[in-house]
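Below is one structure, written out as structure tokens, with a few remarks after it.
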Amino acid sequence: MTPLIYWFRNDLRLHDNPALVQACAQSDALLPVYCLGSASAIHNGDTRWGVMQPGMHRQRVLLDSLIDLDAQLRAMGSALTVVYGPATDMLPKLARAVDATAIHCESIAATHEQSELDQLQHTGVEVVSRWQSTLFEPDDLPFKVQDLPAVYTQFRRALTCAQVRPVVPLPAPTQLPPLPETAHGYATVNLADELAKLGHNSPEPRSSLPYLQAEFTGGERAGLAHLARYFASDLPRHYKATRNGLTGTDFSSKLSGWLASGALSARQVAQTISNYEQREGPNEGTEWLLLELLWRDYFRLLHLQYGDKLFRYRGLRDKVPPIHHDPALFTRWCLGRTTEPLVDAAMHELLASGYLSNRLRQVVASYLIHELHGDWRAGAAWFEAQLIDYDVYNNQGNWLYIAGMGTDPRGGRRFNVQKQAQDHDPDQSYQKLWHQV
Ligand SMILES: Cc1cc2nc3c(=O)[nH]c(=O)nc-3n(C[C@H](O)[C@H](O)[C@H](O)COP(=O)(O)OP(=O)(O)OC[C@H]3O[C@@H](n4cnc5c(N)ncnc54)[C@H](O)[C@@H]3O)c2cc1C
């Protein structure tokens, strides 16, 4: 008998999960585990800005995703063991309890997640990790990861010229190894109780991603249903024209929550785009959507290339002028109490719903960095706590980009708030909608 542990991280799905498929193939008993304590680390968390814990929206979506995963595993004769505590403490204990010979998981190239793997390895447990969250295998790229182009457009062109194709997604396993015998009865967190602790909330009717409504709830099955629904409509065809919208569920794909938790993989989305184009013909909308998924890959590869450097204030710059982060101004920004109505409305939306359009994420990030002269890591930490689609690579990458501390030699991105309001909210309907939290 070869019992293994499969440690679910940001891959809360059964479809297109090569690391899980590999663990199933190599074991005759498998304990699927999720460590709730590991998910509560805030990468940019710092007592200086007082953001240390994920907020209610993020917690809720995570719990819904875990409940869905557990239900799917149970339907296949297995179950998800959810433990509370850091993976580095909990996984070695579980491995001993079930005599597991190794822990399998996906690899995540971010400071905290990488150090979890390193610490686990030091405990003497064998850890087998697999990179699987990009569209492309790093080895298929026309350049080495260390030679990733410094500008996104060069990256995109290099891929187009080399005609690299996204990896074809895998089906879900048809059967899972049984649970190790000693696993039965191992104390697992009761997810329904955890959900109840968050209290009862009704859907926010103004939200563009109302995750409390059944169609937008966390978890793989809702994600697959949304993917099918979105690509059965003509919304993808119009994506390029609508993607800078501010309100409503239709202006962008709203796939981010599922992609961030790994309930859906980017490879599944790319394949669905390709099927749509075969059916409907090539069009600007889906072409543009794929370009956004390429940004997602770009930021992942940037983390593979630079690792910890992306988490320091100066990012990839050698030297930066000192800044004077004002905690009082930062708090006003978080709560939507600045002197800019568009920024305030956006911060109200984020606080009340856990989601914000890409356009407004750019505007409020630029405002904190370039107008309030705040520390970008404080803004990144606030987003990290609030966003239901929080993704370490996308969040870190976008904040660095706007701050001008990433690879792009052209410096930061400064948005004129009044012009943005005129261009994107000329009748102030968005500002009126989110006048209050
Ligand atoms: C300061 C800042 C912080 C951000 N933090 C996050 C984050 O934590 N998690 C996150 O998923 N996205 C983040 N983004 C990127 C983007 O705003 C969201 O992915 C997008 O708004 C999600 O909505 P959607 O799925 O409808 O996007 P769509 O426009 O439909 O895009 C489809 C998918 O492409 C990817 N994508 C789109 N835009 C970007 C981008 N600029 N960078 C990287 N990938 C992109 C996402 O996976 C998204 O789900 C951030 C952007 C900014 C400016």
Side-chain angles (χ1 to χ4, degrees), residues 10 42-44 54 57-58 61 110 133-135 152 155-156 207-209 211 216 223 226-227 230-231 235-236 238-270 272-273 285-303 333 346-347 349-350 353-370 374 376-403 405-406 408 412-413 415 420:
N10 293 338
I42 293 269
H43 289 87
N44 296 289
H57 304 298
R58 224 186 109 187
V61 171
S133 72
T134 38
L135 290 173
Y152 164 79
F155 162 74
R156 175 167 61 75
S207 175
S208 307
L209 212 180
Y211 66 87
F216 292 102
H226 178 76
L227 188 65
Y230 183 68
F231 284 95
L235 293 173
H238 303 294
Y239 172 79
K240 187 179 178 204
T242 60
R243 73 197 173 90
N244 278 318
L246 308 185
T247 51
T249 53
D250 291 348
F251 65 83
S252 62
S253 74
K254 303 294 153 35
L255 287 165
S256 54
W258 292 294
L259 283 169
S261 66
L264 290 179
S265 79
R267 296 169 186 184
Q268 288 173 290
V269 179
T272 313
I273 290 177
T286 46
E287 196 184 305
W288 211 267
L289 194 51
L290 199 58
L291 294 185
E292 298 300 349
L293 290 178
L294 282 189
W295 268 110
R296 182 180 177 277
D297 260 37
Y298 185 68
F299 288 137
R300 278 166 160 69
L301 296 170
L302 209 59
H303 279 72
W333 176 83
M347 298 311 284
E349 180 183 3
L350 180 60
S353 76
Y355 181 81
L356 202 53
S357 64
N358 184 56
R359 171 62 43 181
L360 288 174
R361 290 183 205 204
Q362 292 175 321
V363 170
V364 299
S366 160
Y367 187 76
L368 177 69
I369 295 166
H370 301 295
W376 67 266
R377 293 170 304 172
W382 183 249
F383 269 32
E384 185 172 345
Q386 300 304 319
L387 284 174
I388 52 174
D389 61 18
Y390 167 67
D391 172 288
V392 57
Y393 309 104
N394 284 358
N395 198 45
Q396 216 70 15
N398 277 288
W399 275 95
L400 273 166
Y401 181 68
I402 290 172
M405 314 277 191
D408 199 318
R413 293 285 176 278
F415 289 76
Q420 291 294 316

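Order of listing sets the numbers, starting from 1, for every ligand and every atom in it.
Note on ligand 1: Tyr239 sits in its first shell, one or more heavy atoms being nearer than 4.0 Å. Arg243 does not count as a contact of ligand 1, since none of its heavy atoms falls under 4.0 Å from the ligand. At least one heavy atom of Tyr355 sits less than 4.0 Å from an atom of ligand 1.
Across Leu356, Val269, Asp389, Asn358, heavy-atom proximity to atom 7 (C) of ligand 1 is greatest for Asp389. Considering each of Gln386, Arg361, Lys254, the one bringing a non-hydrogen atom nearest atom 13 (C) of ligand 1 is Arg361. For atom 47 (O) of ligand 1, the candidate residues are Thr242, Leu259, Ile369; the nearest heavy-atom contact is made by Leu259.
Close N/O approach between Glu292 and ligand 1 is found [any backbone or side-chain N/O within under 3.5 Å]. For Trp295, no nitrogen or oxygen atom sits less than 3.5 Å from a nitrogen or oxygen atom of ligand 1, counting backbone and side chain alike. Taking any N or O of Trp399, backbone or side chain, none lies under 3.5 Å from an N or O belonging to ligand 1. Polar contact with ligand 1: present for Ser253 (N/O pair, distance under 3.5 Å). Note: an N/O pair closer than 3.5 Å links Leu255 and ligand 1 by distance alone.
Ranking protein heavy atoms by distance to atom 5 (N) of ligand 1, first place goes to Asn395 OD1, 3.2 Å. Of all protein heavy atoms, the one closest to atom 50 (C) of ligand 1 is Asn398 ND2, 3.5 Å.
Using a 4.0 Å cut-off between a side-chain N of Lys or Arg and a carboxylate O of Asp or Glu, Asp389 and Arg58 do not qualify as a salt bridge. The pair Arg413-Asp408 meets the salt-bridge criterion, with a side-chain N (NZ, NE, NH1 or NH2) lying under 4.0 Å from an Asp/Glu carboxylate O. Using a 4.0 Å cut-off between charged nitrogen and carboxylate oxygen, Glu287 and Lys240 do not count as a salt-bridge pair. Taking 4.0 Å as the cut-off between side-chain N and carboxylate O, Arg267 and Asp297 do not count as a salt-bridged pair.
Looking at Ala260 against ligand 1, nothing comes within 4.0 Å, counting heavy atoms. Of the heavy atoms in Leu387, only side-chain atoms (C-beta onward) come closer than 4.0 Å to ligand 1. Under 4.0 angstrom from ligand 1, the non-hydrogen atoms of Leu289 all belong to its side chain. Contact annotation for Asp391 and ligand 1: heavy atoms of both the backbone and the side chain come within less than 4.0 Å of the ligand.
Under 3.5 Å, the side chains of Asn44 and Gln396 contain a donor-acceptor pair of N or O atoms. In summary, the side chains of Arg359 and Gln420 do present a donor paired with an acceptor at a separation below 3.5 Å, with no hydrogens or angles considered.
For the pair Arg156 and Tyr298, the cation-pi test (distance below 6.0 Å, angle within 45°) is failed.
Listed by chain and number, the residues in a side-chain contact (heavy atoms from CB on, under 4.5 Å) with Ser253 are Tyr230, Leu255, Leu289 (sequence neighbours excluded). Legend: residues meeting side-chain contact (heavy atoms from CB on, under 4.5 Å) with Ala110, ordered by chain and number and at least two apart, are His43, Ile108, Glu113, Phe311, Val392.
Taking the six-membered ring where the residue is Trp, the centroids of Tyr367 and Trp333 are separated by 6.0 Å or more.
Paired with Tyr401 under the rule ring-ring contact (aromatic ring centres under 6.0 Å, His included), one option of Trp376, Tyr393, Tyr152, Trp295 passes, and it is Trp295.
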